[in-house]
Amino acid sequence: MNEYHVEISKTVGRPWINKEPIRLGDVPKGLGTPDHYCTVSRDEEPSLLLCLYGSESYFAEARIWHQWLVVGFGCFISFLSPEMPHRQIVWKSGYFCTLYPSDKYLLATTINNVLCFDQDTQLLWISEEVSLDGVSISSIQGDRILGLPECPPWSDPYR
């Protein structure tokens with residue numbers, strides 16, 4: 001079985017600059033500099049370079065989950081096969097924040113809500129709006145999700 005190492009960065013150097021990248025997101029016509037790079041090593045060897053484009057991509061996260069490389073950034077959540085990365089399933093999500101994997105499901109938070117995917121990359125549900133400024137999940141207990149909405153200081157009713 002292959003062992004993968006996934007990393008997100010703002011810059012990339014050798015040996016990655018010699019790899020042909022896969023471009024994800026709102027790719028400009030002139031290409032330009034990506035907002036983030038995602039590098040994937042397989043068995044300690046450089047395997048895959050992703051260039052992530054999206055003007056609103058302050059948060060970016062990538063990880064291997066079951067047979068998928070899952071990349072969240074900007075307003076997208078992408079599922080790619082590490083073995084055949086040109087086979088992609090891309091979901092438009094709203095402003096992406098964080099990935100929360102469990103054995104059965106992958107939860108992804110946005111600035112407003114939570115999305116739930118199964119191992120076949122199917123979107124099972126999207127929560128109603130639960131926050132103005134992000135959602136953090138503290139635990140997943142079976143089918144129960146515990147978390148907190150992030151609220152900007154100006155919206156605090158107790159202030």
How about [X] and [Y]: do any of their side-chain heavy atoms sit closer than 4.5 Å?
{"X": "F76", "Y": "K92", "result": "yes"}
{"X": "R42", "Y": "E83", "result": "yes"}
{"X": "S78", "Y": "Q88", "result": "no"}

Gap between atom [atom2] of [Y] and atom [atom1] of [X] - 0.5 Å precision:
{"X": "C97", "Y": "Y95", "atom1": "SG", "atom2": "OH", "result": "7.0 Å"}
{"X": "W68", "Y": "Q119", "atom1": "CH2", "atom2": "CD", "result": "11.0 Å"}
{"X": "T11", "Y": "Y37", "atom1": "OG1", "atom2": "OH", "result": "8.0 Å"}
{"X": "N112", "Y": "S127", "atom1": "CG", "atom2": "OG", "result": "9.0 Å"}

If we count only N and O atoms by modelled type, under 3.5 Å, do the side chains of E3 and H5 hold a donor and an acceptor together? no
How close do F117 and I77 get, heavy atom to heavy atom, and via which atoms? CE1-CD1, 4.0 Å
For the student: nearest non-hydrogen atoms of D103 and H66, plus distance: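 The answer is O-NE2, 2.7 Å.
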Main-chain N/O of L99 paired to E61 side chain as donor or acceptor, under 3.5 Å: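 At least one qualifying donor-acceptor pair exists.
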Using only atom types and a distance under 3.5 Å, with no angle test, would you say the side chain of S81 pairs donor to acceptor with the backbone of M84? yes
Step through the shown structure and confirm whether more than 12 heavy atoms of other residues, nucleotides or ligands are within 6.0 Å of CD on Q122.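 Yes - once you tally the heavy atoms of other residues, nucleotides and ligands closer than 6.0 Å, there are more than 12.
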